[in-house]
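Contents: one structure, followed by commentary.
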Amino acid sequence: MVTHKKQSDDVASARLYPPDIYVADCGNNLGRGVFAARSFLEGEAVEIAPLFLLKGLTGMLPPSIELRVYDWESLTGADTGKAIVLGYGSLYNHSDNPNLSYSPDAANDLMTYTARRPIAAHEQLTIHYDRANGQHTEEQEGWFARNAIEKRAIA
């Protein structure tokens, strides 16, 4: 059984169930992506993921890991450094026009990914890396170019 909650619901009391999403090849040498196994409504929680805090981390992480961690300190204001979001949280690809937003729950070490608009079954799920909650703004376009990363995700 899967429990789905609106973002306004109390996610801290939500039980964590496997989400209705999956990882698959994006095709055309684009690598892997996360996809919706069913349709989602705007405002519906797509995933509530636990996370692992990297407290007291000093120095740089390897580039392949650095691209997958969240700056937990800037997201929550807590003096905790970075976080690796488990589940599918560190696997979502970037898009300049994402279909998911995300919100941290520092008290419970959780990250909730919420549909920004209706999402069709088998549509790739994406977030915006430059913004604390994954929301898109016009001035944030061009994330790939600013970070000197070859665009490999569906944007």
Side-chain angles (χ1 to χ4, degrees), residues 2-24 26 31-55 57 61 64-144 146-147 149 151-155:
V2 177
T3 299
H4 301 284
K5 293 180 159 255
K6 294 281 187 185
Q7 186 175 14
S8 60
D9 292 345
D10 179 16
V11 295
S13 66
R15 293 185 63 191
L16 302 175
Y17 292 96
D20 291 332
I21 58 182
Y22 61 93
V23 174
C26 294
R32 294 182 302 173
V34 181
F35 294 83
R38 65 168 181 85
S39 60
F40 289 92
L41 301 173
E42 181 177 345
E44 187 175 359
V46 173
E47 180 182 16
I48 301 171
L51 55 93
F52 179 73
L53 293 174
L54 302 172
K55 295 180 181 180
L57 181 69
L61 294 170
S64 60
I65 295 174
E66 185 66 36
L67 290 173
R68 299 295 180 191
V69 298
Y70 290 76
D71 185 348
W72 197 246
E73 188 170 340
S74 69
L75 285 172
T76 64
D79 185 20
T80 52
K82 298 183 185 257
I84 296 176
V85 180
L86 304 175
Y88 297 90
S90 289
L91 298 176
Y92 293 114
N93 284 324
H94 170 84
S95 172
D96 282 339
N97 190 15
N99 53 16
L100 296 179
S101 61
Y102 52 91
S103 58
D105 177 350
N108 295 291
D109 293 340
L110 298 172
M111 186 77 82
T112 299
Y113 297 87
T114 305
R116 295 183 61 227
R117 59 165 175 77
I119 298 172
H122 309 295
E123 180 178 346
Q124 185 176 178
L125 301 170
T126 57
I127 60 174
H128 197 289
Y129 293 168
D130 274 352
R131 181 106 171 169
N133 63 0
Q135 294 288 344
H136 168 264
T137 61
E138 294 284 328
E139 65 272 8
Q140 293 173 325
E141 295 196 12
W143 179 88
F144 289 100
R146 281 195 315 281
N147 289 282
I149 295 173
K151 194 169 186 178
R152 294 176 37 106
I154 295 172

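Quick caveat, the model's predicted, so the values are computed rather than measured.
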**Study point:** Shortest non-hydrogen separation from Pro50 to Leu110 and the atoms involved
**Key:** CA-CD2, 3.8 Å

Review point. Any side-chain heavy-atom pair from Phe40 and Ile21 closer than 4.5 angstrom?
Key: yes

Study note, to complete from the structure: Closest non-hydrogen contact found for Val46 with Ala115 is CG2-N, 4.0 Å

Exercise for review: Would you confirm whether the ring centroid of Tyr102 sits within less than 6.0 angstrom of the ring centroid of Tyr92?
Suggested key: no

Practice item. Name all residues meeting the side chain to side chain contact (heavy atoms under 4.5 Å, CB included) criterion together with Ala121; count only those two or more places apart in sequence or in a different chain, and write none if there are none. Key: none

Review point. Between Leu75 and Met111, is any pair of side-chain heavy atoms under 4.5 Å apart?
Key: yes

Review point. How about Glu44 and Thr114: do any of their side-chain heavy atoms sit closer than 4.5 Å?
Key: no

Review point. Does the pair Arg116 and Asn97 meet the rule for a side-chain contact (heavy atoms from CB on, under 4.5 Å), with working shown?
Key: CA-CA 10 Å; Arg116 295 183 61 227; Asn97 190 15; 4.1 Å; yes

Review point. Is the closest side-chain heavy-atom distance between His128 and His94 below 4.5 Å?
Key: yes

Check your understanding: Is there a side-chain contact between Leu51 and Lys82, using heavy atoms and a 4.5 Å cut-off?
Key -> no

Review point. Listed by chain and number, what are the side chain to side chain donor-acceptor pair (under 3.5 Å) partners of Tyr88, not counting sequence neighbours?
Key: none

Exercise for review: First locate atom CG of Asp105, then atom OG1 of Thr112, and finally report the distance between them rounded to the nearest 0.5 Å.
Suggested key: 6.5 Å

Check your understanding: So which heavy atom on Cys26 is nearest to which on Gly33, and how close?
Key -> SG-N, 3.5 Å

Review point. If you take all heavy atoms of Leu125 and Asn99, which pair is closest and at what distance?
Key: CA-OD1, 3.5 Å

Practice item. For the residue pair His122 and Tyr22, confirm or rule out a side-chain donor-acceptor distance under 3.5 Å. Key: yes

